[in-house]
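The following block contains the structure, expressed as structure tokens.
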Number of protein chains: 2
Amino acid sequence: MPRSQTTKKPTRIQREKTKAILEAALDVFSDFGFRGSTIDMIAARAGVSKPNILYYFDTKEAIHKTLLAELLQTWLAPLHQIDAAGDPIEEICGYVSQKLKMARDFPRESKLFANEILQGAPHILPEIQGELKELTAVKARVVSDWIKAGKLADIDPHHLFFSIWATTQHYADFDIQVRSVLGDESDPFASAGPFLDKMYRTMLRP
Amino acid sequence: MPRSQTTKKPTRIQREKTKAILEAALDVFSDFGFRGSTIDMIAARAGVSKPNILYYFDTKEAIHKTLLAELLQTWLAPLHQIDAAGDPIEEICGYVSQKLKMARDFPRESKLFANEILQGAPHILPEIQGELKELTAVKARVVSDWIKAGKLADIDPHHLFFSIWATTQHYADFDIQVRSVLGDESDPFASAGPFLDKMYRTMLRP
DNA sequence: GTCTATATCGAGATAGAC
DNA sequence: GTCTATCTCGATATAGAC
């Protein structure tokens, strides 16, 4: 009996149900936001009853918090990979490419994050002001050193990262608008890749 | 008695109250999204009673729709101004500058729009697929002609617009993240202006 | 562990006095 | 026109049977 997730090793069934609930919750929360989602929707999509969900997670908020906690690590991973010893332009364009791939492969995570930040990050502000801020500062320093060494054009490192986050996540978060404007013919991500690569290569060249 | 806004000329009081309600609703909806907002919150902020709000607007959704309808025109205005007869790079950089200024001066409108699109544009999809799509197509054609004339670098016009929307609106929609990462010292918009101007000038140069 | 049934509460909307 | 009081419903969470 988990209830408040006591110190017991979970059985296979428990792990699978927990997984199914989180998977369904990601679907629902990313589509409707936290307040717009109901436990009923999550239950229906997960194929379990509503009280059963509240057996595994004490509250609706607990489900949301669990998702957000996993999310941030996934989100920061590509940024970690930027290597001060690598070729500056390749490192940054590689980062752009990674972020675009994540927007394509994990649009629900992107929207969950966007919803959270849009509302003022009520559940994740400490992590934004801690982990995200510090990792960004470290990598901004790397970019700054590349610029000083004459390997990159002289641009503001923080705003460079903002622009990368904005342009890549846009294709997941605003996908209904992107698809509406392009028409449903083509895959937005396929054409966005070369566009962004060219854009950043051009602006970063010293 | 408006109720369903019959064909009567509104008095001064009615116009002012309507205005106050819409102003308060913009505050609340942009912060909490449609589902996350309550009529009570709007009433409290507008300084009127809940039933009084429902005297001026039949439903909560009616308030939201009214705000969105006004919003789209404001939002499209800068795009209209792009002039095929002007200097290509100045026209586009002027557009970027306009959009950034709007993000700074109308952050609530930006967030309201972001919330709506993020949830799949439930109330504004026809306008996205109509007005926005068509105006974008027209202006993409202008950019395309500039490229053919050798006045701009060869980039995808639609993705150019996406990147402009993403990078400028980011400073309003994700402002809690931007401020967290930068620290509260400086004004993000002040440093974003020169960054974006430089970025687009560089990438657009033929 | 999982279900049915239900308590409880918040919020949209309405009725009717003033 | 604007208020107080209230109806109604949907949603979170719980109780208790199986």
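What you are looking at is a predicted structure, and each value in this text was computed from that prediction instead of being measured.
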- request: Identify, with sequence neighbours excluded, every residue that meets side-chain contact (heavy atoms from CB on, under 4.5 Å) alongside B/T38.
  value: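 Counting only residues at least two positions away or on another chain, B/T38 forms a side-chain contact (heavy atoms from CB on, under 4.5 Å) with B/D40, B/M41.
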message: Any residue in residues 31-40 of chain A with a heavy atom nearer than 4.0 angstrom to DNA chain D? Just list them by number, or reply none.
response: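 The answer is A/S37, A/T38, A/I39.
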task: Tell me, please, which residues at least two apart from B/R35 pass salt bridge (charged side-chain N to carboxylate O under 4.0 Å, His left out).
output: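 Partners of B/R35 by the salt bridge (charged side-chain N to carboxylate O under 4.0 Å, His left out) criterion come out as none, since no residue qualifies.
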Pairs touching residues 173-192 of chain A that satisfy ring-ring contact (aromatic ring centres under 6.0 Å, His included), sequence neighbours left out: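 ring-ring contact (aromatic ring centres under 6.0 Å, His included) check on residues 173-192 of chain A returns A/H170-A/F174.
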- prompt: Are the ring centres of A/F162 and A/H159 closer than 6.0 Å?
  reply: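 Yes, close enough.
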query: What does nucleotides 2-7 of chain D look like as a protein-contact string, B for base, S for sugar-phosphate only, - for none, at under 4.0 angstrom between heavy atoms?
result: BSBB--
field: Test ring-ring contact (aromatic ring centres under 6.0 Å, His included) applied to A/F34 - qualifying residues, sequence neighbours left out
entry: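 Expected list: A/F29, A/H64, A/H123.
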task: Any side-chain hydrogen bond (donor to acceptor under 3.5 Å, both in side chains) involving residues 74-91 of chain B? Give me the pairs, sequence neighbours left out, ordered by first then second residue.
output: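 Listed by first then second residue: B/E90-B/R201.
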task: Using whole Å, report how far CG of A/D58 lies from C1' of D/dA13.
output: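 Interatomic distance, CG of A/D58 to C1' of D/dA13: 10 Å.
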- request: Not counting sequence neighbours, which residues clear side-chain hydrogen bond (donor to acceptor under 3.5 Å, both in side chains) with A/S163? List them please.
  value: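 side-chain hydrogen bond (donor to acceptor under 3.5 Å, both in side chains) check on A/S163 returns A/Y200.
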query: Over how many whole Å does the gap from B/I53 atom CD1 to C/dT14 atom C1' extend?
result: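 In whole Å, C/dT14 C1' and B/I53 CD1 are 15 Å from each other.
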Residues in side-chain contact (heavy atoms from CB on, under 4.5 Å) contact with A/E23, at least two apart in sequence or another chain: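 A/E23: side-chain contact (heavy atoms from CB on, under 4.5 Å) contacts with A/R108.
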